[in-house]
Amino acid sequence: MRYLEDVVLKKWSAAVLAGALAVGALAGCGGGDDAGSSGGGGDDKITMGFSQVGAESGWRTANTKSIQESAAAAGIDLKFSDAQGKQENQIKAIRSFIAQRVDVIAFSPVVESGWDTVLKEAKDANIPVILTDRSVDSQDKTLYKTFIGSDFVLEGKKAGEWLVKEYEGKSDPVNIVELQGTPGAAPANDRKAGFAEVIKADPKFKIVASQTGQFTRTDGKEVMEAFLKSQPKIDVLYAHNDDMGLGAIEAIEAAGKKPGTDIKIITVDAVKDGMTALAAGKINYIVECSPLLGPQLMDLAKKVKAGETVEQRVLTQETTFTQEQAKTALPDRKY
C-alpha cells in the first residue's frame, strides 16, 4: 500500500512541475518584452487586421511600407489585405478579420459611404476599428474609435490660396482643369470642395473641365490628353495627387507645351517623383499629404487595445512646397 502511495505522489508531483514549466514557456513565447505587448499589462501580442485601398500611386506604396515596417518595429502581428481599389474586397477582408478575432482592425476606405453594416459587425464582436488616411460618412461615430489622417479640405484650400496669390492683381480669366481622385473617395470630395471654396470669391477663376483620373498616372495622362483637345485655352491644372499630375505632364509635353510655364500645375501629396518635377519647374506648387502614418497608427492600436481613451480625430503634420523649397527638401525625402 505504501508503494502505491509513493507512485501516486511521484506522478502528481511530475504533473505539477510539467504544468509550471509549460506556463513559463508560454510567458516567454509571449515576448516578455513590454514593447511588444498591448500596454494592458499582459503578454499577449496585438494582432491587427489592415485593409489597404490598393497600390494606385507612389503615395499609397509609401503608406503601405510605413504601416508594415512600423508594425514589425512595434511587435504587432499585421494581417495585411490589398483591396485593389474595390470596396467589396475591403468588406470581405474586414469580415475575415472579425472571423479571425483580431485585436484591432484598421483600414483606409476606398469610398466614404456604405460601411455601417460591416462596422456594426466589428463593434458587436468588440473589435475596435481605426480609420486611416480616409474617413467614412457614417452618422454613428461609435462604429470606429478614431480616424488618423490629413485634413483634405484644408489641402484643397491651400492649393486654392496659392492660386489666388499667384494671380493677385490680374483681371484676365484663368481657365482651370481639374483631375479628380477616385469618385466617392474622401480625398477627392474634400480636395475639390476646399479648392472650390477658396477660388469662388473671384469670378476670374473658372473650372472649365473636371474629371476623375482615378488617382493614377495612366488615367491622369489620358484625361489630360482629352482636356487639351477639348479646351482651347488652359491656364492651370489642379490635380488631386502627384501621380495624376505627373501623367498630365507627359500629355502636356506631348502636345508641345511646357508644363509649369504654359500651364501652371498644382498637385497634392509631395511624393519623391512629384517633388522632383516641382524642383525641375514642371510643377509649380505641391500641398503635402504625408503617407508615413505607420508609427502613429501602431501607437493608437496599442492604446485602443488597452482600453485607453483616444482623440476621435488625429491629424497628421504636413506642409506645402514651392519649387525652391522642393530643391532643398529633396535630398532628405523619404518617400
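Side chains included, hydrogens not; waters and symmetry mates left out as well; all remaining heavy atoms used.
- In terms of the salt bridge (charged side-chain N to carboxylate O under 4.0 Å, His left out) criterion, residue partners of K120 (sequence neighbours excluded) are, by chain and number, D124.
- Judged by distance alone, the side chains of K123 and T142 do bring a donor and an acceptor atom under 3.5 Å apart.
- When each of I46, D103, V104 is paired with V304, the side-chain contact (heavy atoms from CB on, under 4.5 Å) condition holds for V104 and for no other.
- Side-chain atoms of E166 and N284 include no donor-acceptor pair closer than 3.5 Å.
- Checked by atom type and distance alone, the side chain of Q180 never pairs as donor or acceptor with a backbone atom of T212 at under 3.5 Å.
- Side-chain polar atoms of T64 and Q68 form no donor-acceptor pair below 3.5 angstrom.
- Considering CD1 of I199 and OH of Y238, their distance stands at 9.5 Å, rounded to 0.5 Å.
- Among W115, F97, F80, the one residue that satisfies the ring pair (Phe, Tyr, Trp, His ring centres under 6.0 Å) test with F107 is W115.
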Side-chain donor-acceptor pairs under 3.5 Å in residues 82-90, sequence neighbours left out?
residue: D82; atom: OD1; partner: Q84; partner atom: N; Å: 2.8
residue: Q87; atom: NE2; partner: S113; partner atom: O; Å: 2.7
residue: N89; atom: ND2; partner: A83; partner atom: O; Å: 2.9
residue: Q90; atom: OE1; partner: V110; partner atom: N; Å: 2.9
residue: Q90; atom: NE2; partner: S51; partner atom: O; Å: 3.4
residue: Q90; atom: NE2; partner: S51; partner atom: OG; Å: 3.3
residue: Q90; atom: NE2; partner: S108; partner atom: O; Å: 2.8

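- Taking 4.5 Å as the limit, every side-chain heavy atom of K145 sits out of range of all side-chain heavy atoms of L131.
- At a threshold of 4.5 Å between non-hydrogen side-chain atoms, the residues T47 and I76 do not count as touching.
- The NZ atom of K170 lies 10.5 Å from the CD atom of E168; values are rounded to the nearest 0.5 Å.
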V236 and I263: CA distance, side-chain angles, deciding distance, side-chain contact (heavy atoms from CB on, under 4.5 Å) verdict: CA-CA 5 Å; V236 176; I263 298 176; 5.7 Å; no

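- Contact of the F50 side chain with the T132 side chain is registered, since non-hydrogen atoms from C-beta on lie closer than 4.5 Å.
- T267 and D242 share a side-chain donor-acceptor pair at under 3.5 Å.
- In this structure, the salt bridge (charged side-chain N to carboxylate O under 4.0 Å, His left out) partners of K327, at least two apart in sequence or on a different chain, are E324.
- In this model, a donor atom of one side chain and an acceptor atom of the other lie less than 3.5 Å apart for T322 and Q325.
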Worked verdict on W59 versus N241 for side-chain contact (heavy atoms from CB on, under 4.5 Å): CA-CA 9 Å; W59 191 99; N241 79 341; 5.9 Å; no

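- E250 and K257 are not joined by a salt bridge, as no carboxylate oxygen comes within less than 4.0 angstrom of a charged side-chain nitrogen.
- Put simply, the side chain of Q312 never gets that close to the backbone of F147: no donor and acceptor are under 3.5 Å apart.
- Taking the six-membered ring for Trp and thresholds of 30 and 60 degrees, H240 and F215 have ring planes inclined between 30 and 60 degrees apart.
- Follow the hydrophobic side-chain contacts under 4.5 Å out from I286 and you reach L179 in the same cluster.
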Solution key, residues 217-227 side-chain donor-acceptor pairs under 3.5 Å, sequence neighbours excluded:
residue: R217; atom: NH2; partner: D273; partner atom: OD2; Å: 3.1

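- One distance of note links CG of L228 with CD1 of I252; it measures 6.0 Å at 0.5 Å rounding.
- Residue D235 holds its CG atom at 8.5 Å from CD1 of I176, rounded to the nearest 0.5 Å.
- Legend: side chain to side chain donor-acceptor pair (under 3.5 Å) pairs involving residues 189-202, not counting sequence neighbours, sorted by first then second residue: E112-N189, E155-R191, E178-K192, K192-S210, D202-K204.
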Criterion side-chain contact (heavy atoms from CB on, under 4.5 Å) on V177 and I207, from CA distance to verdict: CA-CA 6 Å; V177 294; I207 297 178; over 6 Å; no

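- A salt bridge is defined here as a Lys NZ or Arg NE, NH1 or NH2 lying under 4.0 Å from an Asp or Glu carboxylate O, and E253 with K282 meets this definition.
- Applying the salt bridge (charged side-chain N to carboxylate O under 4.0 Å, His left out) rule to R95 yields the partners E121; only residues at least two apart in sequence or on another chain are considered.
- Counting only heavy atoms from C-beta outward, the side chains of K305 and P128 never approach each other to under 4.5 Å.
- One finds the OG atom of S57 at 12.0 Å from the CD atom of Q214 (value rounded to the nearest 0.5 Å).
- A pairwise comparison of heavy atoms in T146 and R313 identifies OG1-N, 4.1 Å as the closest pair.
- The shortest distance between side-chain heavy atoms of L163 and K264 does not fall below 4.5 Å.
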